[in-house]
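Notes follow once the structure below has been shown.
Along the sequence shown, the residues carry numbers beginning at 1.
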Amino acid sequence: MATRSTRSTRSTGKPKVSAKTVSDVEELGAASLEDPNVVSLDEWDADPGLSEYEKARMRQISENRRLMAELGLGGGILKSPGGAPRAATAVRVKRPSKRKAPVEPSRRSSRLKGEDAADIYVSHEMPGARLSISGSGSAALLGDMQVESVRQDIRHSRLPEESLSLESTAGSEEYGPQFLSTLRKLSSGSHADAGKGKGVFDSDVLKYAGRLANLRLGASNVAKVCPDRVYSVAVHPSSDEVVVTCGDKCGNLGMWRVGHDDDDDAVVQYRPHTRCINSLEYHPTNASKLYSSSYDGTVRCLDVVAGAFDFVTSIQEDEGWLQHAALSPDGYTLYMADSEGGCRSMDLRSGKMIWHVTFHERKANTVSVHPTSPHYLVTASLDRTVRLWDVRSFRKSRQSGTKELSLLPDTRSVNSASFSPKGDRIVTVSQSHRLCLYVNAHTKEGTIDPTHSIPHDNQTGRWLAVFHACWDPKTDHSFAVGSMSRPRQAEVYTTDGGVIRRIMSLQDPEWMNSVQSRLAFHSTRDVLVACNSSGRVHTFQ
């Protein structure tokens, strides 16, 4: 039997179509719907040249063709122009490509480039953290620096060197006079109470520690007194009421009547300075006067009777800034330490400068006056020393190279040094993380080693005010200092027997959760005030 070809003839004589592959079968099925001469798929069922799969495929195509013919869908199969219909394919949407950030060239230092370093150095440091730049490359550096805004200029400028009314210092016109009226009444009776022996306590250490153990902190003893970081604090000496005064880093002065939170005038604020208020002290014999010194180089006196901030004195801007100030025990002399390491004294009765002497090679941080022998001063400095001075030998003119009475060296900057209430002891706080005690140092000459010292974490960091120790004026043996320990606390130490020992840790985790950098005792009552770096004040009583 001859092999059947893809195109053969039958008795009709017309050409017929055959399929040998699946693709041919599909084309045949489509063509058979339009051309009656196409051979029926059933006729090829017995074709031995087709596999069983192809035969089943052809039968299925034939059945589908018959059903479509019955339904009148003979034209339902579409053909692509190129031949057999193609299967539909999903349309791919082209996603927008992500733009790669341009690769910047790696930074190379001048040293790696082989370039010489710019000849730039700080020639002078001025108030307001301003620097005088010198050197061959200073012009290019200054050209890249932004000019200070008007707001910054106003902030760092000085207020007029004259008496300021309360309203001109941003004080509350409504509640400020009410507060000062109360303060006048307290000031008039505070020294009469002291003369009667009111508030005199037994200095025994155990009894003293027992009294401190009874101090408590609560909601009524915590208040936001200043807008910013507290750098100075003083407590009014009245025994009838606790009035706390604080100075912050922006020149704001806040006053708080403790326990009067329900009153509208419980806290009042003024701005007598344009920069940090670094010291506050009530006049020793007239509690209606509060002296304040500031980084803006001025000293002012709040006179609650006159209701004004009186201008006391100032220094030239090219002489640095005032770092700290202290009054003599009689209140007649004001001592001021500055950022250039100098110290000057002023007679408050005549308003004249007595002397100006360079005490240190670098910034003098604090100055303290001996309470019973006011011709002795002790100063702490950034130059890693504490120095004792006898001012009786000082001349009226400005001097340099004056010899100190005795030298108390340290290995790091000394934050503060202060005499005890009787003057026989000095306690220092330094960045060497130690508290040092010196007994009767003012009676010795030359270099003096500490009588006793203990380790103490004084690393407050950049955002906190450094620790200063404050003596309790009611006893000669105890002082308080801030602490970095947790829970947050204020530590009280005794120097009884010439040894520093901690006798109390005042804390309350519910109401005090921050580092307390500046502390102050009440002069006649068992009250300790602790201030943090957000302007909040905590009063233990």
Side-chain angles (χ1 to χ4, degrees), residues 171-172 174-187 189-190 193 198-199 201 208-248 252-270 280 282 287 290 304 465 470 472-474 480 482-483 486-492 504-541:
S172 170
E174 182 178 359
Y175 303 121
Q178 298 179 19
F179 191 101
L180 290 184
S181 177
T182 302
L183 200 59
R184 292 188 191 103
K185 296 177 182 179
L186 297 174
S187 301
S190 60
D193 293 339
K198 201 170 183 179
F201 300 102
Y208 177 75
R211 297 202 312 269
L212 294 179
N214 295 326
L215 302 184
R216 294 292 181 268
L217 188 65
S220 61
N221 291 338
V222 180
K224 175 83 169 179
V225 180
C226 287
D228 217 311
R229 186 186 312 172
V230 175
Y231 272 83
S232 56
V233 57
V235 185
H236 193 276
S238 171
S239 59
D240 297 329
E241 190 172 341
V242 179
V243 178
V244 179
T245 305
C246 299
D248 72 5
N252 299 291
L253 187 143
M255 306 184 78
W256 174 35
R257 295 177 63 196
V258 182
H260 291 262
D261 294 344
D262 296 334
D263 298 341
D264 294 329
D265 63 338
V267 175
V268 295
Q269 295 177 355
Y270 305 98
L280 288 171
Y282 282 96
L290 174 68
V304 299
C470 69
D472 189 344
K474 301 179 295 294
S483 174
R486 292 181 182 271
R488 300 308 187 189
Q489 56 194 269
E491 299 175 340
V492 182
M504 186 55 57
S505 173
L506 298 175
Q507 54 185 274
D508 189 336
E510 182 178 358
W511 297 103
M512 190 173 75
N513 296 289
S514 56
V515 175
Q516 309 299 305
S517 295
R518 298 298 163 90
L519 313 175
F521 282 99
H522 195 285
S523 61
T524 59
R525 298 174 57 176
D526 280 331
V527 175
L528 177 63
V529 177
C531 309
N532 67 10
S533 290
S534 66
R536 193 169 296 275
V537 178
H538 307 79
T539 304
F540 290 90
Q541 61 177 345

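- Remark: the Thr539 side chain and the Gln541 side chain contain no N/O donor-acceptor pair separated by less than 3.5 Å.
- The residue from Val225, Val268, Thr245, Asp248 that alone fulfils the side-chain contact (heavy atoms from CB on, under 4.5 Å) condition with Leu253 is Thr245.
- A donor atom on one side chain and an acceptor atom on the other are found under 3.5 Å apart for Glu241 and His260.
- Distance check: Leu506 CG to Phe540 CZ gives 5.0 Å after rounding to the nearest 0.5 Å.
- Between Met512 and Pro487 there is no side-chain heavy-atom pair separated by less than 4.5 Å.
- Atom CZ of Phe521 and atom CG of Asp472 lie 4.5 Å apart (nearest 0.5 Å).
- Between Cys226 and Cys246, the closest heavy-atom pair is SG-O, 3.4 Å.
- Note: Tyr231 OH to Cys531 SG = 13.5 Å, rounded to the nearest 0.5 Å.
- Summarising the geometry, atom OG belonging to Ser238 is positioned 10.0 Å from atom OH belonging to Tyr282; distances are rounded to the nearest 0.5 Å.
- Here the SG-CG distance, from Cys470 to Leu519, works out to 5.0 Å after rounding to the nearest 0.5 Å.
- Remark: side-chain polar atoms of Glu510 are not paired, donor with acceptor, to backbone N or O of Asp508 under 3.5 angstrom.
- In this structure Ser232 satisfies the side-chain contact (heavy atoms from CB on, under 4.5 Å) test together with Ile277, Leu280, sequence neighbours excluded.
- Judged by distance alone, the side chain of His522 and the main-chain N or O of Leu528 form no donor-acceptor pair under 3.5 Å.
- Annotation: side chain to side chain donor-acceptor pair (under 3.5 Å) contacts of Ser483 (sequence neighbours excluded): Ser485, Glu491.
- Val527 pairs in a side-chain contact (heavy atoms from CB on, under 4.5 Å) with only one of the listed residues (Val235, Val242, Asn221), which is Val242.
- Evaluation of the side chain to side chain donor-acceptor pair (under 3.5 Å) rule for Ser514 yields Gln516, Asn532 as partners, not counting sequence neighbours.
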After noting the C-alpha distance and the side-chain angles of Asn252 and Gln269, does the key distance pass the side-chain contact (heavy atoms from CB on, under 4.5 Å) rule?
CA-CA 7 Å; Asn252 299 291; Gln269 295 177 355; 5.6 Å; no
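- Distance NZ/Lys474 to OH/Tyr208: 6.0 Å, rounded to 0.5 Å.
- Side chain of Arg536 to backbone of Ser533: no donor-acceptor contact under 3.5 angstrom is found.
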